[in-house]
Amino acid sequence: MTATTHTLASGLGWHVADVICTADAGDRPFEEAHQDFCVAAVTSGTFRYRAQQGTAMLAPGALLLGNPGTCYECGHEHGSGDRCLSFHFGPAYMERIVAGVPGAEKLAFDAPRLPPLPVLAPLLAEAETAREMADNDAFEELSLRIAGASVAAASGLTHVRRAPSRRDQKRVAEAVRRIELDADRSVSLSALADETATSPYHFLRIFRQVAGATPYQFLLKTRLHRAAVRLRMSDDAVSAIAFEVGFNDLSTFNRRFRRVMGETPGVYRARWASGVVPTLSAAAALRRQSDVGPHQPGR
């Protein structure tokens with residue numbers, strides 16, 4: 001069995017990895033054991049997964065579900081290779097997530113997989129896009145959202161949105177001010193949650209509900225807005241502006257700016273300098289909404 005595992009992001013109690021397996025139909029199934037809770041999103045290929053919860057065929061869009069200490073076997077008798085985004089959670093971290101999912105009671109997964117579900121498709125597409133764009137800063141939030149959505153789906157729960165309390169609204173307002181104040185620095189979800197005395201999963205859920213975007217999406221929006229203003233008001237180099245507003249490298253800034261604003265920073269500046277007001281095309285408007293975050297809160 002030949003597989004490569006590349007860690008994309010990690011934090012206290014969680015990590016996410018890009019796992020590429022090149023085993024083919026002639027290779028013997030391999031056995032391993034889950035060290036922690038695992039939710040692996042299959043992005044290409046197929047394989048058979050057998051664990052204590054049962055046996056299942058995994059295909060793109062499906063989620064492999066694993067419990068700590070459980071031995072499992074994977075085989076590729078039906079085709080060669082697969083690729084997964086594998087999210088891992090320590091028991092204590094997962095316990096806090098489950099506690100934040102309304103109606104969820106059990107910590108362990110009863111089934112070996114979740115089939116491709118329409119309710120999960122947008123979230124999995126967002127995670128795969130983050131991998132392909134090397135947007136590793138997005139994975140702290142994506143890990144929590146995928147874990148919570150998996151727990152809810154595996155428990156057969158339907159999402160019931162509760163109106164945020166005044167206390168939750170105050171917490172989000174304080175977090176928004178914190179993000180605006182420190183947008184040029186690294187602002188982690190766990191730090192924001194600690195400051196509001198909530199778990200990361202609960203904080204992420206109420207922030208999306210109150211603000212209409214995740215903290216990371218709001219941070220990007222703030223940085224890009226400030227960059228656009230600086231491009232119009234100064235002659236500073238694009239790279240200097242990118243670093244000033246909080247981006248760590250110029251290529252990431254250029255890609256983000258073009259995706260959201262519909263043109264490169266240089267073209268954007270030149271248009272304003274020439275007195276021609278840029279218009280936002282329908283395609284660019286859709287890109288802006290998907291990249292920065294929806295106007296209405298999601299799950």
Side-chain angles (χ1 to χ4, degrees), residues 9 11 16 97 100-101 119-131 133-149 152 159-196 198-229 245-248 252-253 255-262 280 282-299:
V16 56
I97 294 174
V101 178
V119 69
L120 297 177
L123 180 55
L124 298 184
E126 189 176 342
E128 188 170 352
T129 300
R131 181 188 68 189
M133 295 182 66
D135 188 9
N136 295 338
D137 289 338
F139 278 114
E140 182 179 15
E141 292 183 356
L142 285 168
S143 295
L144 284 168
R145 292 168 61 193
I146 284 177
H159 179 65
V160 177
R161 182 177 298 160
R162 300 174 180 173
S165 65
R166 293 184 64 181
R167 186 177 184 184
D168 283 341
Q169 292 176 358
K170 181 176 183 294
R171 286 167 168 162
V172 173
E174 291 172 349
V176 166
R177 291 177 179 271
R178 163 86 150 81
I179 292 172
E180 289 183 317
L181 181 65
D182 295 329
D184 59 334
R185 307 175 188 176
S186 175
V187 182
S188 72
L189 174 65
S190 57
L192 291 172
D194 287 343
E195 291 174 7
T196 58
T198 61
S199 72
Y201 180 75
H202 177 73
F203 173 75
L204 175 60
R205 183 162 56 85
I206 64 171
F207 193 101
R208 294 181 71 211
Q209 188 173 358
V210 174
T214 71
Y216 181 61
Q217 289 166 346
F218 186 82
L219 174 64
L220 287 178
K221 178 192 73 67
T222 302
R223 288 176 175 175
L224 290 170
H225 171 77
R226 292 179 180 178
V229 173
V245 300
F247 288 91
N248 293 325
T252 298
F253 170 68
R255 185 172 63 246
R256 286 278 183 196
F257 193 94
R258 182 172 184 176
R259 181 175 176 83
V260 173
M261 304 301 289
L280 189 65
L286 288 174
R287 288 197 299 270
R288 168 182 285 182
Q289 181 173 341
S290 64
D291 196 61
V292 174
H295 295 294
Q296 298 297 327
R299 290 186 79 246

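Every heavy atom of this structure was used, including side-chain atoms; hydrogens, water molecules and symmetry mates were not. Numbering starts at 1 and runs along the sequence shown.
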task: Using a strict 4.0 Å threshold on nitrogen-to-oxygen distance, state whether Glu128 and Arg131 make a salt bridge.
output: yes

Which value, rounded to the nearest 0.5 Å, describes the distance between [X] atom [atom1] and [Y] atom [atom2]?
X: Leu220; Y: Phe247; atom1: CG; atom2: CZ; result: 5.5 Å
X: Asn136; Y: Leu142; atom1: CG; atom2: CG; result: 10.5 Å
X: Ile179; Y: Leu192; atom1: CD1; atom2: CG; result: 5.0 Å
X: Thr196; Y: Glu174; atom1: OG1; atom2: CD; result: 8.0 Å
X: Leu123; Y: Ile146; atom1: CG; atom2: CD1; result: 4.5 Å
X: Asp137; Y: Asn248; atom1: CG; atom2: CG; result: 7.0 Å

Identify the two heavy atoms, one from [X] and one from [Y], that lie closest to each other, and give their separation to 0.1 Å.
X: Ala183; Y: Arg223; answer: O-NE, 2.6 Å
X: Pro215; Y: Leu189; answer: CG-CD1, 4.0 Å
X: Ala138; Y: Ala130; answer: CB-CB, 4.4 Å
X: Ala149; Y: Leu120; answer: CB-CD2, 3.6 Å
X: Phe139; Y: Ala9; answer: CB-CB, 3.8 Å
X: Val16; Y: Ser143; answer: CB-OG, 4.3 Å

statement: Asp168 meets the salt bridge (charged side-chain N to carboxylate O under 4.0 Å, His left out) criterion, sequence neighbours left out, with Arg171

task: Mind checking salt bridge (charged side-chain N to carboxylate O under 4.0 Å, His left out) for Asp182 and listing every partner two or more places apart, or none if nothing turns up?
output: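 Here the qualifying residues are Arg178, Arg185.
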
query: With a 4.5 Å heavy-atom cut-off, do Thr214 and Phe207 have their side chains touching?
result: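 Not touching, per the 4.5 Å side-chain cut-off.
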
- request: Check whether any side-chain heavy atom of Val187 lies under 4.5 Å from a side-chain heavy atom of Tyr216, and answer yes or no.
  value: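 No; the side chains remain at least 4.5 Å from each other.
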
query: When you look at CG of Asp194, are more than 12 heavy atoms from neighbouring residues, nucleotides or ligands closer to it than 6.0 Å?
result: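 Yes, because the 6.0 Å sphere around CG of Asp194 holds more than 12 heavy atoms from other groups.
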
field: Donor-acceptor contact present, side-chain Glu140 to main-chain Ser190, <3.5 Å
entry: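 The answer is yes, because a donor-acceptor pair under 3.5 Å joins these two groups.
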
